[in-house]
Amino acid sequence: MVNLNDDHRLAKLIKSLRDKDKIKILFVCLGNICRSPAAEGVMKAVVESAGDSGRFEIDSAGTGNYHIGDLPDRRMRIHAQRRGYNLTHICRQVRPSDFEEFDLIVAMDASNRRNLQLVAPTPEAEEKIIMMADFADLATKYDHIPDPYYEGAEGFELVLDLLESACDNLYQQLKKY
Ligand code: 4NP
């Protein structure tokens, strides 16, 4: 759950980006083979269908280093493909320079956020970290995007449901009027 200060900080951060010609978003999870590459694929589809892909640079990374160089998990690719998302991201680890490169660093759960805080080079850089579940309509039930790695098919479907909702809402808040 976010408190009022977090709500205020998030609203201020999003508002500061709304008029920018280019917005750079990095989605982050632990392995960078399930949740964050799926978030990258869904968000790219959202901005593309809005005819706004030129305004966005979208990437993903993991806090862990177990799967560097790998494609997304086969199960994630299959579930995503059924919804029309072709996930081709190659796994990489988060690096301190990501905090200079990107405007928003979007964590999938509280553990990702803690790990990101350890990588952030400055306190100001840390301010770029936000939580994906804060944008999902199902967030009343889920305050994080649950790790599907040790789950069955429902776990992957739930991740995609949450990500579709969160990406739609994130884009609605970032688009120029
Ligand atoms: P992700 O899922 O953080 O959504 O990519 C995981 C993938 C791999 C592992 C953990 C979580 N792992 O321990 O290898």
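All ligand and atom numbering here is 1-based and tracks the order in the structure. Because the structure is predicted, anything quoted here is derived from the model rather than measured.
Checking each of His89, His67, Glu40, Arg92 against Asn32 for a side-chain hydrogen bond (donor to acceptor under 3.5 Å, both in side chains) leaves exactly one that passes, namely His89.
Between the side chains of Gln93 and Tyr66, not a single donor N or O lies within less than 3.5 Å of an accepting N or O. Side-chain contact check for Asn115 and Asn112: no donor-acceptor pair (N or O, by modelled atom type) lies under 3.5 Å.
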Please list every donor-acceptor pair under 3.5 Å in which a side-chain atom of residues 153-163 meets a protein atom from a residue at least two apart or in another chain.
from: Glu157; atom 1: OE1; to: Arg83; atom 2: NH2; distance (Å): 2.6
from: Glu157; atom 1: OE2; to: His79; atom 2: ND1; distance (Å): 2.6
from: Asp161; atom 1: OD1; to: Arg83; atom 2: NH1; distance (Å): 2.9
from: Asp161; atom 1: OD1; to: Arg83; atom 2: NH2; distance (Å): 2.9

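Of the charged side-chain nitrogens involved, none lies within less than 4.0 Å of a carboxylate oxygen, so that Lys175 and Asp52 do not count as a salt-bridged pair. Looking at Lys24 and Asp98, no side-chain N of the basic residue comes within less than 4.0 Å of a carboxylate O on the acidic one, giving no salt bridge.
Protein residues having at least one heavy atom under 4.0 Å from any atom of ligand 1 are Cys29, Leu30, Gly31, Asn32, Ile33, Cys34, Arg35, Tyr66, His67, Asp147, Tyr149, listed by chain and number.
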